[in-house]
**Student:** 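My questions will all concern the structure given below.
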Amino acid sequence: MPTGRVFKRPGKAGIISRLLPFTDLSLNVPVPSRPVRPSACPGLLRIVQALDGGICRIKLPGGVLGAGQASALAAAAQRYASGVLEATNRANVQVRGVGAEAGVLQQALLQAGLGPAHPGGDDVRNLMLSPLAGIDPQQALDARPLAAQLLRLLEGDTRYHALSAKFALQLDGGEALACLDHPHDVWLSPLLLGGQWHWGVGLASSPAQGTMVVALPLGEALAGVAAVLGRFLALAGSDHTRMRPLLDAIGLEAFLAPLGLRRVTHSGPRGASGGRLGVYPQAQAGTVAVCAQFELGRFHAAQLHALAQLCRRWGCGALHLTPWQGLLIPGIAQAHADRVQAELRTLGLLVDAEAPLAAMLACSGASGCAKGQADTKADARRLAMLLAPPRPVHLSGCPRACAAAHVAPFTLLAVAPGRYDLFIRDAAQPGLGRLRARELTLQAAASLLNGLPRSDT
Ligand code: SF4
(Lines give C-alpha, C1' and ligand atoms only; values in the text may rest on other atoms or scores of the structure.)
Protein backbone atom coordinates (compact mmCIF):
# COMPACT_ATOMS: atom_id res chain seq x y z
CA MET A 1 0.00 0.00 0.00
CA PRO A 2 1.56 3.32 -0.99
CA THR A 3 2.03 5.80 1.78
CA GLY A 4 3.03 9.42 1.88
CA ARG A 5 0.28 10.86 4.00
CA VAL A 6 1.42 12.67 7.10
CA PHE A 7 -0.59 11.93 10.21
CA LYS A 8 -0.27 12.99 13.80
CA ARG A 9 1.65 10.63 15.97
CA PRO A 10 -0.41 9.64 18.98
CA GLY A 11 1.09 10.10 22.40
CA LYS A 12 1.36 7.24 24.86
CA ALA A 13 -1.93 8.11 26.48
CA GLY A 14 -5.21 8.82 24.87
CA ILE A 15 -5.48 6.38 21.98
CA ILE A 16 -9.02 5.74 23.14
CA SER A 17 -9.84 9.37 23.50
CA ARG A 18 -9.08 9.89 19.83
CA LEU A 19 -11.93 7.59 18.97
CA LEU A 20 -14.34 9.58 21.04
CA PRO A 21 -14.20 13.30 20.14
CA PHE A 22 -16.98 13.29 17.58
CA THR A 23 -17.68 16.29 15.46
CA ASP A 24 -21.21 17.61 15.36
CA LEU A 25 -23.19 15.90 12.64
CA SER A 26 -25.95 17.55 10.72
CA LEU A 27 -26.51 15.21 7.83
CA ASN A 28 -29.56 15.59 5.76
CA VAL A 29 -29.86 12.03 4.59
CA PRO A 30 -33.26 10.49 3.95
CA VAL A 31 -33.54 7.51 6.26
CA PRO A 32 -36.96 6.04 6.95
CA SER A 33 -38.10 5.29 10.47
CA ARG A 34 -38.90 1.66 11.15
CA PRO A 35 -39.07 -0.59 14.19
CA VAL A 36 -35.94 -2.34 15.43
CA ARG A 37 -35.66 -5.79 13.92
CA PRO A 38 -35.58 -8.74 16.31
CA SER A 39 -32.25 -10.50 16.70
CA ALA A 40 -30.84 -13.57 18.40
CA CYS A 41 -27.42 -11.90 18.70
CA PRO A 42 -26.27 -11.06 22.19
CA GLY A 43 -25.60 -7.46 23.14
CA LEU A 44 -24.85 -5.57 26.30
CA LEU A 45 -28.54 -4.90 26.80
CA ARG A 46 -29.81 -8.19 25.35
CA ILE A 47 -28.45 -11.23 27.14
CA VAL A 48 -28.92 -14.43 25.15
CA GLN A 49 -29.21 -17.74 26.94
CA ALA A 50 -26.73 -20.57 26.29
CA LEU A 51 -26.22 -23.91 28.06
CA ASP A 52 -23.68 -22.38 30.43
CA GLY A 53 -25.77 -19.29 31.22
CA GLY A 54 -26.37 -15.96 29.55
CA ILE A 55 -24.03 -14.29 27.07
CA CYS A 56 -23.51 -10.53 27.27
CA ARG A 57 -21.61 -9.08 24.30
CA ILE A 58 -19.82 -5.76 24.60
CA LYS A 59 -19.05 -3.94 21.37
CA LEU A 60 -15.84 -1.98 21.63
CA PRO A 61 -15.30 1.16 19.53
CA GLY A 62 -12.45 0.25 17.21
CA GLY A 63 -11.79 -2.80 19.41
CA VAL A 64 -10.26 -0.52 22.06
CA LEU A 65 -10.63 -1.35 25.74
CA GLY A 66 -9.03 1.01 28.26
CA ALA A 67 -7.16 -0.47 31.21
CA GLY A 68 -9.75 0.88 33.65
CA GLN A 69 -12.57 -0.57 31.56
CA ALA A 70 -10.75 -3.90 31.37
CA SER A 71 -10.45 -4.00 35.16
CA ALA A 72 -14.13 -3.11 35.57
CA LEU A 73 -15.15 -5.73 33.01
CA ALA A 74 -13.03 -8.39 34.72
CA ALA A 75 -14.49 -7.54 38.14
CA ALA A 76 -18.07 -7.61 36.82
CA ALA A 77 -17.55 -10.90 34.97
CA GLN A 78 -16.10 -12.47 38.10
CA ARG A 79 -18.71 -11.13 40.48
CA TYR A 80 -21.90 -11.36 38.43
CA ALA A 81 -21.16 -14.16 35.94
CA SER A 82 -18.92 -17.21 35.60
CA GLY A 83 -15.72 -15.21 35.08
CA VAL A 84 -15.32 -16.70 31.59
CA LEU A 85 -14.92 -14.23 28.73
CA GLU A 86 -14.48 -14.58 24.99
CA ALA A 87 -12.90 -12.47 22.28
CA THR A 88 -15.05 -12.46 19.16
CA ASN A 89 -13.97 -12.45 15.54
CA ARG A 90 -15.15 -8.86 15.21
CA ALA A 91 -12.80 -7.57 17.92
CA ASN A 92 -15.47 -7.46 20.59
CA VAL A 93 -15.67 -9.25 23.91
CA GLN A 94 -18.41 -11.24 25.60
CA VAL A 95 -19.12 -12.40 29.13
CA ARG A 96 -20.40 -15.97 29.55
CA GLY A 97 -22.32 -17.61 32.35
CA VAL A 98 -24.50 -14.61 33.19
CA GLY A 99 -27.18 -15.59 35.68
CA ALA A 100 -29.64 -13.91 38.00
CA GLU A 101 -27.48 -10.83 38.45
CA ALA A 102 -27.65 -9.82 34.82
CA GLY A 103 -29.04 -6.39 35.64
CA VAL A 104 -26.22 -5.58 38.03
CA LEU A 105 -23.68 -6.78 35.48
CA GLN A 106 -25.17 -4.50 32.84
CA GLN A 107 -25.13 -1.55 35.21
CA ALA A 108 -21.48 -2.15 36.04
CA LEU A 109 -20.60 -2.29 32.34
CA LEU A 110 -22.55 0.87 31.58
CA GLN A 111 -20.81 2.67 34.45
CA ALA A 112 -17.48 1.62 32.96
CA GLY A 113 -18.42 3.40 29.73
CA LEU A 114 -18.86 0.19 27.77
CA GLY A 115 -22.43 0.84 26.67
CA PRO A 116 -23.84 2.62 23.65
CA ALA A 117 -24.52 6.34 23.53
CA HIS A 118 -28.22 5.54 23.03
CA PRO A 119 -29.94 2.37 24.34
CA GLY A 120 -31.28 1.55 20.87
CA GLY A 121 -27.82 1.88 19.38
CA ASP A 122 -26.22 -1.13 21.05
CA ASP A 123 -26.77 -3.52 18.15
CA VAL A 124 -25.52 -1.26 15.39
CA ARG A 125 -22.03 -0.56 16.72
CA ASN A 126 -20.52 -2.96 14.19
CA LEU A 127 -17.56 -1.08 12.80
CA MET A 128 -14.26 -2.90 12.49
CA LEU A 129 -10.84 -1.23 12.35
CA SER A 130 -7.33 -2.57 12.19
CA PRO A 131 -5.94 -3.06 15.70
CA LEU A 132 -3.12 -0.78 14.52
CA ALA A 133 -5.43 1.94 13.17
CA GLY A 134 -3.83 5.34 13.55
CA ILE A 135 -0.50 4.08 14.88
CA ASP A 136 0.77 2.01 11.95
CA PRO A 137 3.68 3.59 10.03
CA GLN A 138 2.48 1.89 6.83
CA GLN A 139 -1.10 3.13 6.86
CA ALA A 140 -2.29 5.40 4.07
CA LEU A 141 -5.12 6.95 6.09
CA ASP A 142 -5.88 7.28 9.79
CA ALA A 143 -9.26 5.57 9.99
CA ARG A 144 -10.06 6.65 13.55
CA PRO A 145 -11.62 10.09 12.99
CA LEU A 146 -14.06 8.76 10.38
CA ALA A 147 -14.74 5.71 12.57
CA ALA A 148 -15.66 7.96 15.48
CA GLN A 149 -18.02 9.98 13.29
CA LEU A 150 -19.66 6.86 11.89
CA LEU A 151 -20.13 5.35 15.33
CA ARG A 152 -21.74 8.52 16.54
CA LEU A 153 -24.04 8.49 13.55
CA LEU A 154 -25.02 4.85 14.01
CA GLU A 155 -25.53 5.10 17.75
CA GLY A 156 -26.98 8.55 18.00
CA ASP A 157 -29.42 8.71 15.11
CA THR A 158 -32.33 6.43 15.91
CA ARG A 159 -33.17 5.95 12.25
CA TYR A 160 -30.08 3.74 11.89
CA HIS A 161 -31.17 1.53 14.75
CA ALA A 162 -33.30 -0.34 12.21
CA LEU A 163 -30.12 -1.94 10.84
CA SER A 164 -29.78 -5.61 11.69
CA ALA A 165 -27.49 -6.54 14.58
CA LYS A 166 -25.38 -8.38 11.98
CA PHE A 167 -25.06 -5.45 9.57
CA ALA A 168 -21.38 -4.53 9.71
CA LEU A 169 -18.92 -1.96 8.37
CA GLN A 170 -15.14 -2.02 8.07
CA LEU A 171 -12.66 0.83 7.75
CA ASP A 172 -9.28 -0.25 6.41
CA GLY A 173 -6.66 2.49 6.54
CA GLY A 174 -4.05 0.43 4.67
CA GLU A 175 -2.40 -0.81 7.87
CA ALA A 176 0.10 -3.69 7.84
CA LEU A 177 -1.97 -5.65 10.34
CA ALA A 178 -5.48 -5.86 9.00
CA CYS A 179 -8.16 -8.47 8.68
CA LEU A 180 -9.27 -8.03 5.11
CA ASP A 181 -11.02 -11.31 4.48
CA HIS A 182 -14.10 -10.89 6.69
CA PRO A 183 -17.12 -10.04 4.54
CA HIS A 184 -18.76 -6.73 5.45
CA ASP A 185 -21.93 -5.04 4.24
CA VAL A 186 -19.99 -1.82 3.65
CA TRP A 187 -16.20 -1.49 3.67
CA LEU A 188 -13.84 1.38 2.94
CA SER A 189 -10.19 1.26 1.88
CA PRO A 190 -7.74 3.99 0.79
CA LEU A 191 -7.86 4.77 -2.92
CA LEU A 192 -5.46 7.13 -4.67
CA LEU A 193 -7.15 9.07 -7.48
CA GLY A 194 -5.47 11.96 -9.27
CA GLY A 195 -2.83 12.11 -6.56
CA GLN A 196 -5.44 12.53 -3.81
CA TRP A 197 -6.45 9.99 -1.24
CA HIS A 198 -10.08 8.97 -1.28
CA TRP A 199 -12.03 6.34 0.54
CA GLY A 200 -12.97 3.57 -1.88
CA VAL A 201 -16.23 1.89 -0.89
CA GLY A 202 -17.09 -1.76 -1.46
CA LEU A 203 -20.41 -3.44 -0.75
CA ALA A 204 -21.35 -6.94 0.41
CA SER A 205 -17.82 -8.34 0.09
CA SER A 206 -14.42 -8.14 1.75
CA PRO A 207 -11.50 -5.83 0.93
CA ALA A 208 -9.43 -8.91 0.04
CA GLN A 209 -11.90 -10.21 -2.53
CA GLY A 210 -14.25 -7.39 -3.35
CA THR A 211 -14.27 -4.36 -5.63
CA MET A 212 -14.49 -0.70 -4.70
CA VAL A 213 -17.53 0.68 -6.50
CA VAL A 214 -17.63 4.25 -5.20
CA ALA A 215 -14.90 6.80 -4.41
CA LEU A 216 -15.51 9.35 -1.67
CA PRO A 217 -13.30 12.42 -1.16
CA LEU A 218 -12.05 12.37 2.43
CA GLY A 219 -14.21 15.28 3.48
CA GLU A 220 -17.34 13.67 2.07
CA ALA A 221 -16.86 10.19 3.45
CA LEU A 222 -19.30 10.49 6.34
CA ALA A 223 -22.10 11.88 4.20
CA GLY A 224 -21.36 9.29 1.50
CA VAL A 225 -21.58 6.33 3.87
CA ALA A 226 -24.68 7.82 5.47
CA ALA A 227 -26.27 8.03 2.03
CA VAL A 228 -25.44 4.37 1.32
CA LEU A 229 -26.92 3.30 4.67
CA GLY A 230 -30.00 5.42 4.12
CA ARG A 231 -30.51 3.92 0.68
CA PHE A 232 -30.17 0.43 2.13
CA LEU A 233 -32.78 1.14 4.80
CA ALA A 234 -35.13 2.73 2.30
CA LEU A 235 -35.06 -0.35 0.06
CA ALA A 236 -34.58 -3.25 2.47
CA GLY A 237 -37.54 -5.51 2.94
CA SER A 238 -37.93 -8.07 5.69
CA ASP A 239 -35.74 -10.53 3.70
CA HIS A 240 -32.91 -8.04 3.38
CA THR A 241 -31.18 -7.76 6.71
CA ARG A 242 -27.83 -7.69 4.90
CA MET A 243 -26.53 -5.87 1.82
CA ARG A 244 -25.92 -9.01 -0.31
CA PRO A 245 -29.54 -10.18 -0.62
CA LEU A 246 -30.65 -6.64 -1.42
CA LEU A 247 -28.04 -6.22 -4.17
CA ASP A 248 -28.93 -9.65 -5.54
CA ALA A 249 -32.56 -8.57 -5.67
CA ILE A 250 -32.24 -5.13 -7.24
CA GLY A 251 -28.72 -4.98 -8.71
CA LEU A 252 -25.77 -2.74 -7.88
CA GLU A 253 -26.58 -0.11 -10.51
CA ALA A 254 -30.13 0.39 -9.32
CA PHE A 255 -28.89 0.64 -5.76
CA LEU A 256 -26.23 3.27 -6.44
CA ALA A 257 -27.74 5.31 -9.28
CA PRO A 258 -29.87 7.78 -7.26
CA LEU A 259 -27.05 8.52 -4.83
CA GLY A 260 -24.98 10.48 -7.35
CA LEU A 261 -21.70 9.25 -5.87
CA ARG A 262 -18.54 8.94 -7.99
CA ARG A 263 -18.45 5.44 -9.46
CA VAL A 264 -15.21 3.48 -9.78
CA THR A 265 -14.27 -0.12 -10.43
CA HIS A 266 -11.14 -0.84 -8.49
CA SER A 267 -10.09 -4.05 -6.82
CA GLY A 268 -9.62 -3.98 -3.06
CA PRO A 269 -6.26 -4.35 -1.31
CA ARG A 270 -6.04 -8.08 -2.00
CA GLY A 271 -3.76 -10.20 0.10
CA ALA A 272 -2.72 -7.33 2.36
CA SER A 273 -3.83 -9.09 5.50
CA GLY A 274 -1.04 -9.25 8.05
CA GLY A 275 -0.02 -11.99 10.44
CA ARG A 276 -1.62 -12.29 13.83
CA LEU A 277 1.11 -12.76 16.35
CA GLY A 278 4.34 -10.90 16.84
CA VAL A 279 5.76 -7.43 17.39
CA TYR A 280 4.69 -4.56 15.13
CA PRO A 281 6.47 -1.22 14.76
CA GLN A 282 4.45 1.88 15.49
CA ALA A 283 4.68 5.29 13.89
CA GLN A 284 6.45 6.61 16.99
CA ALA A 285 10.15 5.76 16.77
CA GLY A 286 11.23 3.08 19.24
CA THR A 287 7.66 2.10 20.08
CA VAL A 288 6.02 -1.20 19.20
CA ALA A 289 2.78 -3.09 19.65
CA VAL A 290 2.71 -6.73 20.74
CA CYS A 291 0.02 -8.98 19.30
CA ALA A 292 -1.15 -12.09 21.15
CA GLN A 293 -4.06 -14.50 21.04
CA PHE A 294 -6.34 -16.11 23.57
CA GLU A 295 -6.42 -19.90 23.41
CA LEU A 296 -9.47 -20.72 21.30
CA GLY A 297 -10.73 -17.18 21.92
CA ARG A 298 -11.52 -17.79 25.58
CA PHE A 299 -10.00 -16.26 28.71
CA HIS A 300 -10.75 -15.69 32.38
CA ALA A 301 -11.41 -12.56 34.38
CA ALA A 302 -8.16 -13.10 36.30
CA GLN A 303 -6.23 -12.95 33.00
CA LEU A 304 -8.03 -9.75 32.05
CA HIS A 305 -7.15 -8.17 35.41
CA ALA A 306 -3.50 -9.02 34.79
CA LEU A 307 -3.64 -7.74 31.20
CA ALA A 308 -5.01 -4.42 32.43
CA GLN A 309 -2.05 -4.10 34.78
CA LEU A 310 0.36 -5.17 32.07
CA CYS A 311 -0.82 -2.53 29.59
CA ARG A 312 -0.69 0.13 32.31
CA ARG A 313 2.87 -0.80 33.18
CA TRP A 314 4.39 -1.39 29.76
CA GLY A 315 2.00 0.11 27.24
CA CYS A 316 -0.19 3.18 26.83
CA GLY A 317 -3.01 1.99 29.09
CA ALA A 318 -5.19 0.38 26.43
CA LEU A 319 -5.81 -3.06 24.98
CA HIS A 320 -6.84 -3.40 21.34
CA LEU A 321 -8.92 -6.49 20.67
CA THR A 322 -8.15 -8.13 17.32
CA PRO A 323 -10.45 -9.91 14.84
CA TRP A 324 -8.35 -13.04 15.42
CA GLN A 325 -9.72 -13.51 18.91
CA GLY A 326 -6.72 -11.94 20.52
CA LEU A 327 -5.35 -8.59 21.51
CA LEU A 328 -2.67 -6.09 20.72
CA ILE A 329 -0.90 -4.05 23.36
CA PRO A 330 0.32 -0.79 21.84
CA GLY A 331 2.72 1.83 23.12
CA ILE A 332 5.50 -0.50 24.32
CA ALA A 333 9.13 0.64 24.25
CA GLN A 334 10.91 -1.58 21.76
CA ALA A 335 13.40 -2.65 24.43
CA HIS A 336 10.54 -4.09 26.52
CA ALA A 337 8.86 -6.14 23.79
CA ASP A 338 10.51 -9.45 24.74
CA ARG A 339 9.59 -8.98 28.36
CA VAL A 340 5.96 -8.20 27.49
CA GLN A 341 5.78 -11.31 25.31
CA ALA A 342 7.19 -13.39 28.15
CA GLU A 343 4.59 -11.99 30.56
CA LEU A 344 1.81 -12.70 28.07
CA ARG A 345 3.06 -16.28 27.75
CA THR A 346 3.03 -16.63 31.52
CA LEU A 347 -0.57 -15.38 31.54
CA GLY A 348 -1.52 -18.20 29.18
CA LEU A 349 -1.76 -16.20 25.95
CA LEU A 350 -0.30 -17.38 22.66
CA VAL A 351 2.50 -15.24 21.28
CA ASP A 352 4.19 -17.69 18.89
CA ALA A 353 2.70 -18.49 15.49
CA GLU A 354 3.92 -22.08 15.80
CA ALA A 355 2.08 -22.72 19.09
CA PRO A 356 -0.20 -25.78 18.62
CA LEU A 357 -3.42 -23.80 19.20
CA ALA A 358 -2.38 -20.62 17.38
CA ALA A 359 -4.11 -21.46 14.12
CA MET A 360 -7.08 -23.33 15.55
CA LEU A 361 -10.64 -22.18 16.04
CA ALA A 362 -13.45 -23.82 17.96
CA CYS A 363 -16.96 -22.65 18.74
CA SER A 364 -18.57 -23.09 22.16
CA GLY A 365 -19.62 -26.62 21.22
CA ALA A 366 -21.67 -28.96 23.36
CA SER A 367 -20.42 -27.52 26.64
CA GLY A 368 -22.04 -24.17 25.94
CA CYS A 369 -24.45 -24.51 23.05
CA ALA A 370 -27.52 -26.71 22.67
CA LYS A 371 -26.81 -27.17 18.95
CA GLY A 372 -23.32 -28.55 19.55
CA GLN A 373 -22.80 -32.20 18.63
CA ALA A 374 -19.40 -32.42 20.32
CA ASP A 375 -17.29 -30.59 22.89
CA THR A 376 -15.34 -28.69 20.28
CA LYS A 377 -13.18 -26.64 22.67
CA ALA A 378 -11.91 -29.71 24.53
CA ASP A 379 -11.51 -31.66 21.28
CA ALA A 380 -9.50 -28.81 19.73
CA ARG A 381 -7.02 -29.01 22.60
CA ARG A 382 -6.69 -32.77 22.15
CA LEU A 383 -6.32 -32.47 18.40
CA ALA A 384 -3.69 -29.73 18.68
CA MET A 385 -1.48 -32.13 20.62
CA LEU A 386 -1.76 -34.68 17.81
CA LEU A 387 -0.99 -32.36 14.89
CA ALA A 388 2.56 -31.95 13.62
CA PRO A 389 3.02 -29.38 12.22
CA PRO A 390 0.15 -27.21 13.54
CA ARG A 391 -2.71 -26.80 11.05
CA PRO A 392 -5.38 -24.13 10.63
CA VAL A 393 -8.37 -26.23 11.68
CA HIS A 394 -11.80 -25.01 12.67
CA LEU A 395 -13.84 -27.36 14.86
CA SER A 396 -17.50 -26.55 14.57
CA GLY A 397 -20.24 -28.03 16.72
CA CYS A 398 -22.86 -27.72 13.97
CA PRO A 399 -23.15 -26.46 10.37
CA ARG A 400 -23.71 -22.86 11.49
CA ALA A 401 -19.93 -22.57 11.90
CA CYS A 402 -20.26 -19.39 13.91
CA ALA A 403 -16.68 -19.33 15.24
CA ALA A 404 -15.29 -18.49 11.81
CA ALA A 405 -16.11 -15.35 9.84
CA HIS A 406 -15.02 -17.13 6.65
CA VAL A 407 -14.25 -20.70 5.64
CA ALA A 408 -11.11 -22.14 7.28
CA PRO A 409 -8.60 -24.23 5.29
CA PHE A 410 -9.79 -27.31 7.25
CA THR A 411 -13.13 -27.65 8.99
CA LEU A 412 -14.04 -30.50 11.29
CA LEU A 413 -17.81 -30.54 11.56
CA ALA A 414 -19.10 -32.43 14.60
CA VAL A 415 -21.59 -35.18 13.89
CA ALA A 416 -21.48 -36.90 17.30
CA PRO A 417 -19.40 -36.65 20.48
CA GLY A 418 -15.76 -37.03 19.40
CA ARG A 419 -16.70 -37.63 15.73
CA TYR A 420 -16.24 -35.18 12.88
CA ASP A 421 -16.61 -34.86 9.12
CA LEU A 422 -13.54 -33.25 7.53
CA PHE A 423 -13.95 -30.55 4.87
CA ILE A 424 -11.12 -28.99 2.89
CA ARG A 425 -11.63 -25.43 1.69
CA ASP A 426 -12.28 -25.30 -2.02
CA ALA A 427 -13.25 -22.07 -3.76
CA ALA A 428 -15.28 -24.08 -6.27
CA GLN A 429 -17.41 -25.63 -3.54
CA PRO A 430 -20.09 -23.85 -1.53
CA GLY A 431 -20.23 -24.01 2.24
CA LEU A 432 -17.33 -25.48 4.16
CA GLY A 433 -15.58 -26.90 1.07
CA ARG A 434 -14.91 -30.40 -0.25
CA LEU A 435 -15.96 -33.26 2.01
CA ARG A 436 -12.78 -35.33 2.52
CA ALA A 437 -13.84 -37.92 5.11
CA ARG A 438 -16.77 -38.75 7.36
CA GLU A 439 -17.14 -39.49 11.06
CA LEU A 440 -13.47 -39.32 11.94
CA THR A 441 -12.20 -39.75 15.46
CA LEU A 442 -9.73 -37.09 16.57
CA GLN A 443 -6.90 -39.59 16.10
CA ALA A 444 -8.04 -40.39 12.57
CA ALA A 445 -8.48 -36.71 11.74
CA ALA A 446 -4.96 -35.98 13.00
CA SER A 447 -3.48 -38.83 10.94
CA LEU A 448 -5.21 -37.58 7.84
CA LEU A 449 -4.23 -33.94 8.39
CA ASN A 450 -0.63 -34.84 9.26
CA GLY A 451 -0.38 -36.72 5.97
CA LEU A 452 -1.38 -33.73 3.84
CA PRO A 453 1.38 -31.63 2.25
CA ARG A 454 1.90 -28.35 4.09
CA SER A 455 1.18 -26.47 0.89
CA ASP A 456 -2.48 -27.52 1.33
CA THR A 457 -2.82 -25.00 4.13
S1 SF4 B 1 -21.42 -23.45 15.45
FE2 SF4 B 1 -23.31 -24.44 16.16
S3 SF4 B 1 -22.68 -25.55 18.00
FE4 SF4 B 1 -21.09 -24.06 17.59
S5 SF4 B 1 -21.67 -22.29 18.85
FE6 SF4 B 1 -22.49 -21.97 16.76
S7 SF4 B 1 -24.59 -22.76 16.89
FE8 SF4 B 1 -23.49 -23.58 18.65
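Atoms within a ligand are numbered from 1 in the order they appear, just like the ligands themselves.
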**Student:** Mind checking whether F299 and F294 have parallel, tilted or perpendicular rings, split at 30° and 60°?
**Tutor:**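 Ring orientation, 0 to 90° scale: parallel.
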
**Student:** Checking N89 side chain against P323 main chain: does a donor-acceptor pair fall under 3.5 Å?
**Tutor:**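 Side chain of N89 to backbone of P323: no pair is present.
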
**Student:** Measuring from each atom of ligand 1, which residues have a heavy atom under 4.0 Å away?
**Tutor:**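 Within 4.0 Å of ligand 1, protein side: C363, S364, C369, K371, G372, S396, G397, C398, R400, A401, C402.
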
**Student:** Pairs in or reaching into residues 297-311: which pass side-chain hydrogen bond (donor to acceptor under 3.5 Å, both in side chains), with residues at least two apart or in two chains?
**Tutor:**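 Qualifying pairs: E86-R298.
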
**Student:** According to side-chain hydrogen bond (donor to acceptor under 3.5 Å, both in side chains), who are the partners of D426, at least two apart in sequence or on a separate chain?
**Tutor:**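 side-chain hydrogen bond (donor to acceptor under 3.5 Å, both in side chains) check on D426 returns nothing, list empty.
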
**Student:** Return yes when atom CZ of R244 has more than 12 non-hydrogen atoms of other residues, nucleotides or ligands closer than 6.0 Å, and no otherwise.
**Tutor:**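 Yes, enclosed.
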
**Student:** Go through the structure and list residues passing side-chain hydrogen bond (donor to acceptor under 3.5 Å, both in side chains) with D352, not counting sequence neighbours.
**Tutor:**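 So D352 forms a side-chain hydrogen bond (donor to acceptor under 3.5 Å, both in side chains) with R345.
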
